[in-house]
**Student:** 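Would you mind keeping the following structure in view while I ask a few things?
Each chain gets a letter, A, B and so on, in the order the sequences are listed, and its residues count up from 1.
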Number of protein chains: 2
Amino acid sequence: MTSPVSSKSDPATEALGFAAHDHDHCVETAMAAAEARCNAEGLQFTPVRRKALEILLQEHRALGAYEVLDRLRDAGFGSQPPVAYRALDFLVANGFAHKIERLNAFIACAHPGTSHSPVFMICRLCDSVAEASAGPTRGALGQAARDAGFQIERTVVEAEGICPACSEKAQA
Amino acid sequence: MTSPVSSKSDPATEALGFAAHDHDHCVETAMAAAEARCNAEGLQFTPVRRKALEILLQEHRALGAYEVLDRLRDAGFGSQPPVAYRALDFLVANGFAHKIERLNAFIACAHPGTSHSPVFMICRLCDSVAEASAGPTRGALGQAARDAGFQIERTVVEAEGICPACSEKAQA
DNA sequence: GCGATATATGATATGAGATAACATGACAAG
DNA sequence: CTTGTCATGTTATCTCATATCATATATCGC
Ligand SMILES: [Zn+2]
Ligand SMILES: [Zn+2]
Ligand SMILES: [Zn+2]
Ligand SMILES: [Zn+2]
């Protein structure tokens with residue numbers, strides 16, 4: 001096994017929501033679901049877009065646009081920034097992926113299909129990212145908005161800290 | 001009067017938390033408070049840092065690091081990016097200012113002195129930003145973190161939408 | 001005070017993230 | 001076949017951010 005040492009690790013054994021899982025299977029099912037939804041809604045799930053989503057799903061972590069671009073180039077697509085940004089824009093606009101503002105990076109949605117306001121937990125030690133789901137108008141934000149007369153259209157909720165795995169490691 | 005036309009407007013008449021206020025006074029008191037706290041805590045409130053905070057307070061909106069840098073240069077300080085980033089890092093690290101991740105921009109804290117997890121409301125029409133305060137472990141985020149065993153160290157909570165003022169304009 | 005150590009500033013260079021603008025190709029509607 | 005729409009590719013440029021090295025200024029133990 002290579003480099004069990006520090007932060008980055010093998011996606012197949014790494015956290016999805018900080019929990020181990022059958023990675024190949026989850027990629028396949030997510031791709032199939034995306035395929036189906038694009039068909040149903042008349043969205044053009046073109047090769048670049050498909051590949052971009054596959055890249056995000058494979059990694060199961062937040063990738064910068066240029067990392068995605070590198071992999072798209074390797075797969076034979078264009079090599080200029082707009083190629084990646086356009087594919088990512090499509091994925092984000094249609095809920096297949098999210099942008100993590102804190103990291104300027106993108107990640108495949110962990111709860112696709114459902115309309116949701118994502119909530120992210122970002123481990124500062126291993127860079128893993130878990131996605132939870134939350135109603136948009138609940139909690140402190142919704143209250144503050146109502147008090148102020150502010151109409152929320154979109155929310156960014158991201159927590160930075162230590163994931164369970166790194167927490168255990170630190171104790172040992 | 002110049003350009004009452006579109007989005008950007010005079011800080012003195014513009015929203016602080018979407019509400020009008022005595023701007024000169026609020027800048028002065030905030031500067032004095034910062035001064036006092038730096039003295040009390042042994043922080044070096046140097047000329048660049050002081051000026052950077054003054055700039056953020058004067059504008060009362062989110063400024064990009066390079067906008068701050070421009071104004072610092074005008075005030076006779078260094079003109080290279082690290083000058084601004086270092087001053088801003090100091091202000092953020094000590095709670096005098098916050099970074100708005102969604103905008104890659106910085107804003108003076110509206111509730112200085114108190115330890116708090118800020119919550120921002122960003123108007124996509126006029127770019128005004130209001131800061132509300134909220135306990136870090138409440139709401140959906142705190143619940144998701146507890147469920148996952150994730151230790152939150154810092155939170156980013158930002159809502160994008162329409163502020164009360166722009167909402168009224170739109171109705172008319 | 002004085003030297004050692006830490007902290008802050010200045011300047012250079014470079015890296016990383018994002019978009020404007022324009023050209024080309026695929027395809028469907030009229 | 002023409003026209004409009006959408007997706008892709010490419011070029012150039014812009015904004016945001018940091019690594020690094022050199023110099024100055026505090027701070028602290030003595
Ligand atoms: Zn999601
Ligand atoms: Zn971790
Ligand atoms: Zn604040
Ligand atoms: Zn507004």
**Student:** Return yes if the base of C:dA18 and the side-chain atoms of A:Tyr66 contain a donor-acceptor N/O pair under 3.5 Å, otherwise no.
**Tutor:**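 A donor-acceptor contact between them is present.
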
**Student:** Answer yes or no: does a side-chain N or O of B:Asn104 lie under 4.0 Å from OP1 or OP2 of D:dT15?
**Tutor:**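 False: B:Asn104 side-chain N/O out of range (4.0 Å or more) of D:dT15 OP1/OP2.
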
**Student:** Should the pair B:Glu67-B:Arg61 be classified as a salt bridge under the 4.0 Å nitrogen-to-oxygen rule?
**Tutor:**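 Between B:Arg61 and B:Glu67 there is a salt bridge, with a charged N closer than 4.0 Å to a carboxylate O.
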
**Student:** Output the rounded distance in Å from CG (A:Leu88) to P (D:dA7).
**Tutor:**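 Distance check: A:Leu88 CG to D:dA7 P gives 15 Å.
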
**Student:** Between C:dG17 atom P and A:Leu63 atom CG, what is the distance in whole Å?
**Tutor:**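 Nearest whole value for this atom pair: 11 Å.
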
**Student:** Can you sort out the partners of B:Phe106 under ring pair (Phe, Tyr, Trp, His ring centres under 6.0 Å), two or more places apart, ordered by chain and number?
**Tutor:**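 For B:Phe106, no residue satisfies ring pair (Phe, Tyr, Trp, His ring centres under 6.0 Å) once neighbours in sequence are set aside.
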
**Student:** Are the ring centres of A:His98 and A:His116 closer than 6.0 Å?
**Tutor:**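 Close enough - the centres of the two rings lie under 6.0 Å apart.
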
**Student:** Considering only distance and modelled atom types, tabulate donor-acceptor pairs under 3.5 Å from the side chains of residues 72-95 of chain B, sequence neighbours left out.
**Tutor:**
from	atom 1	to	atom 2	distance (Å)
B:Arg73	NH2	B:Asp70	OD1	3.1
B:Asn94	ND2	B:Phe90	O	2.9

**Student:** Regarding A:Arg102 and A:Glu158, does a basic nitrogen lie under 4.0 Å from an acidic carboxylate oxygen?
**Tutor:**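 Looking at A:Glu158 together with A:Arg102, the answer is no, because their closest N to O distance does not fall below 4.0 Å.
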
**Student:** Can you check the B:Glu101 CD to C:dG17 P distance for me, whole Å?
**Tutor:**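 Checked: the CD to P distance equals 14 Å.
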
**Student:** Name the residue closer to the 5' end of DNA chain D, choosing between B:Gly64 and B:Gly42 according to the nucleotide with the nearest heavy atom.
**Tutor:**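 Upstream on the strand: B:Gly64.
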
**Student:** Please list, for nucleotides 7-11 of chain C, all pairs of protein and nucleotide N/O atoms separated by less than 3.5 Å.
**Tutor:**
from	atom 1	to	atom 2	distance (Å)
C:dT7	O3'	B:Gln44	OE1	3.4
C:dA8	OP1	B:Arg49	NH1	3.1
C:dA8	OP1	B:Arg49	NH2	3.2
C:dA8	O5'	B:Arg49	NH2	3.4
C:dT9	OP1	B:Thr46	OG1	2.6
C:dG10	N7	B:Arg86	NH2	2.5
C:dG10	O6	B:Arg86	NH1	3.4

**Student:** Measure the spacing between CE of B:Met31 and SG of B:Cys26 and express it to the nearest 0.5 Å.
**Tutor:**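 The SG atom of B:Cys26 is 12.0 Å from CE of B:Met31, to the nearest 0.5 Å.
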
**Student:** Mind checking side-chain hydrogen bond (donor to acceptor under 3.5 Å, both in side chains) for A:Asp147 and listing every partner two or more places apart, or none if nothing turns up?
**Tutor:**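 side-chain hydrogen bond (donor to acceptor under 3.5 Å, both in side chains) list for A:Asp147, sorted by chain: A:Gln143.
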
**Student:** What is the bend of the helix from C:dG1-D:dC30 to C:dG30-D:dC1 when you compare the axis at one end with the axis at the other, using five pairs each and rounding to 10°?
**Tutor:**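 End axes: 30° apart.
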
**Student:** Just to confirm, is there a sub-4.0 Å distance from OP1 or OP2 of D:dA17 to any side-chain nitrogen or oxygen of B:Lys99?
**Tutor:**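 Indeed, a polar side-chain atom of B:Lys99 lies that close.
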
**Student:** Starting from C1' on D:dT25, measure out to CG on B:Leu43 and report it in whole angstrom.
**Tutor:**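 Roughly 17 Å, once rounded to whole Å.
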
**Student:** Name all residues meeting the ring pair (Phe, Tyr, Trp, His ring centres under 6.0 Å) criterion together with B:Phe150; count only those two or more places apart in sequence or in a different chain, and write none if there are none.
**Tutor:**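 B:Phe150 satisfies ring pair (Phe, Tyr, Trp, His ring centres under 6.0 Å) with A:Phe18 only.
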
**Student:** Do you reckon A:Phe96 sits in the same ILVMFWY cluster as A:Leu57, going by side-chain contacts under 4.5 Å, direct or chained?
**Tutor:**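 Yes; A:Leu57 is reachable from A:Phe96 via cluster members.
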
**Student:** Taking CG from A:Leu69 and C1' from C:dA16, how many angstroms apart are they, rounded to a whole number?
**Tutor:**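 Result: 12 Å.
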
**Student:** Could you give the CG-to-P distance, from B:Asp89 to D:dC16, as a whole number of Å?
**Tutor:**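 About 15 Å, once rounded to whole Å.
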
**Student:** Round to the nearest Å and state the distance from A:Tyr85 atom OH to D:dG9 atom P.
**Tutor:**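 Rounding to the nearest Å, OH of A:Tyr85 and P of D:dG9 are 17 Å apart.
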
